[in-house]
Colleague: 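What follows is a single structure, and I will ask about it in a moment.
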Amino acid sequence: MDNNYNTTRPKLLMPEYGRHVQDMINYVVNIPDRQKRNEQIQAVVSVMGTLNPQLRDVVDFRHKLWDHVQIISDFKIDIDSPYSLPSRESVQTKPDAIPLRKDKIRAACYGRNIQNMIDLIAERPDDEVKKQMIRVIAYYMKQQYLIWNKDSVSEETIFADINMLSGGRVTVPEDVHIGAGIADSSTRKPYIPGSPQPKGQQHNGKKKNKKWKK
């Protein structure tokens, strides 16, 4: 009885290619003639690209395939690669851990990204661009607030949250308004200088009056 189970076979170094590819590469490793090895590995790389078409979306995917040949061979294959050979250390070295921020998010319904953007706005000098940035962030915060709370929210609440999230560094100008509720006219995207506007709208969000020819 054949007891050739996967649990008794050598470990797959890159399972996404399967055992057949690993066996083919192991076969090429043991070919004594170097020229013959180079010919055979070209065919194996072609098969690897066919079995993993998603790699074609990766920049320089053929370079990636040749690197995988080295990994699957456990860096034992001696071939003329068209690319520089990766080292075992470069492949096995773990990337540096990304430190997690431990400071508490001031308002969970907005998330850390909103908090970070408000910090950036607070550092800008007071000008028209800063006012437009405040209007846009306030509008977006209203949408995020309504995801958590389906009732309407006043703009005063959003403006107070901006002031709180900025540590008192950002005060919404008196002429900035975003309205309240879900289905009111304030849900129209605010105008940002330099951005294209939808047809039939002016910068203040009002429709243009069309003139019909008789």
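For clarity, every value in this text was computed on a predicted model and none was experimentally measured.
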Colleague: Are the side chains of N26 and K76 in contact, using a 4.5 Å heavy-atom criterion?
Modeller: no

Colleague: Do R62 and V45 have side-chain heavy atoms sitting under 4.5 Å apart?
Modeller: yes

Colleague: For the residue pair H20 and L51, establish whether any side-chain heavy-atom pair is separated by less than 4.5 Å.
Modeller: no

Colleague: Is the closest side-chain donor-acceptor distance between R135 and Q132 under 3.5 Å?
Modeller: yes

Colleague: Are the side chains of Y27 and I31 in touch, meaning some heavy atoms are under 4.5 Å apart?
Modeller: yes

Colleague: Under the ring-ring contact (aromatic ring centres under 6.0 Å, His included) test, which residues partner Y110, sequence neighbours left out?
Modeller: none

Colleague: Taking the side chain as everything from C-beta on, heavy atoms only, tell me whether I134 gets closer than 4.5 Å to P173.
Modeller: yes

Colleague: Residues in ring-ring contact (aromatic ring centres under 6.0 Å, His included) with H63, at least two apart?
Modeller: Y83

Colleague: Would a 4.5 Å heavy-atom cut-off, applied to side chains only, mark V28 and V69 as touching?
Modeller: no

Colleague: Are I121 and R124 close enough that some pair of their side-chain heavy atoms sits under 4.5 Å apart?
Modeller: no

Colleague: Indicate if I25 and L12 have the same hydrophobic cluster label, given that clusters are the connected sets of ILVMFWY residues with side-chain heavy-atom separations under 4.5 angstrom.
Modeller: no

Colleague: Taking only residues two or more places apart in sequence, or in another chain, which ones meet A122 in a side-chain contact (heavy atoms from CB on, under 4.5 Å)?
Modeller: R169, V170

Colleague: Would you say that E155 contacts V172 through its side chain, given a criterion of any heavy-atom pair below 4.5 Å between the two side chains?
Modeller: no

Colleague: Kindly determine whether K130 and D126 satisfy salt bridge (charged side-chain N to carboxylate O under 4.0 Å, His left out), including the steps that lead there.
Modeller: CA-CA 6 Å; K130 181 175 181 177; D126 294 332; 3.0 Å; yes

Colleague: Under the salt bridge (charged side-chain N to carboxylate O under 4.0 Å, His left out) rule, what do R37 and D80 come out as? Steps first, then yes or no, please.
Modeller: CA-CA 9 Å; R37 286 199 304 271; D80 295 327; over 6 Å; no

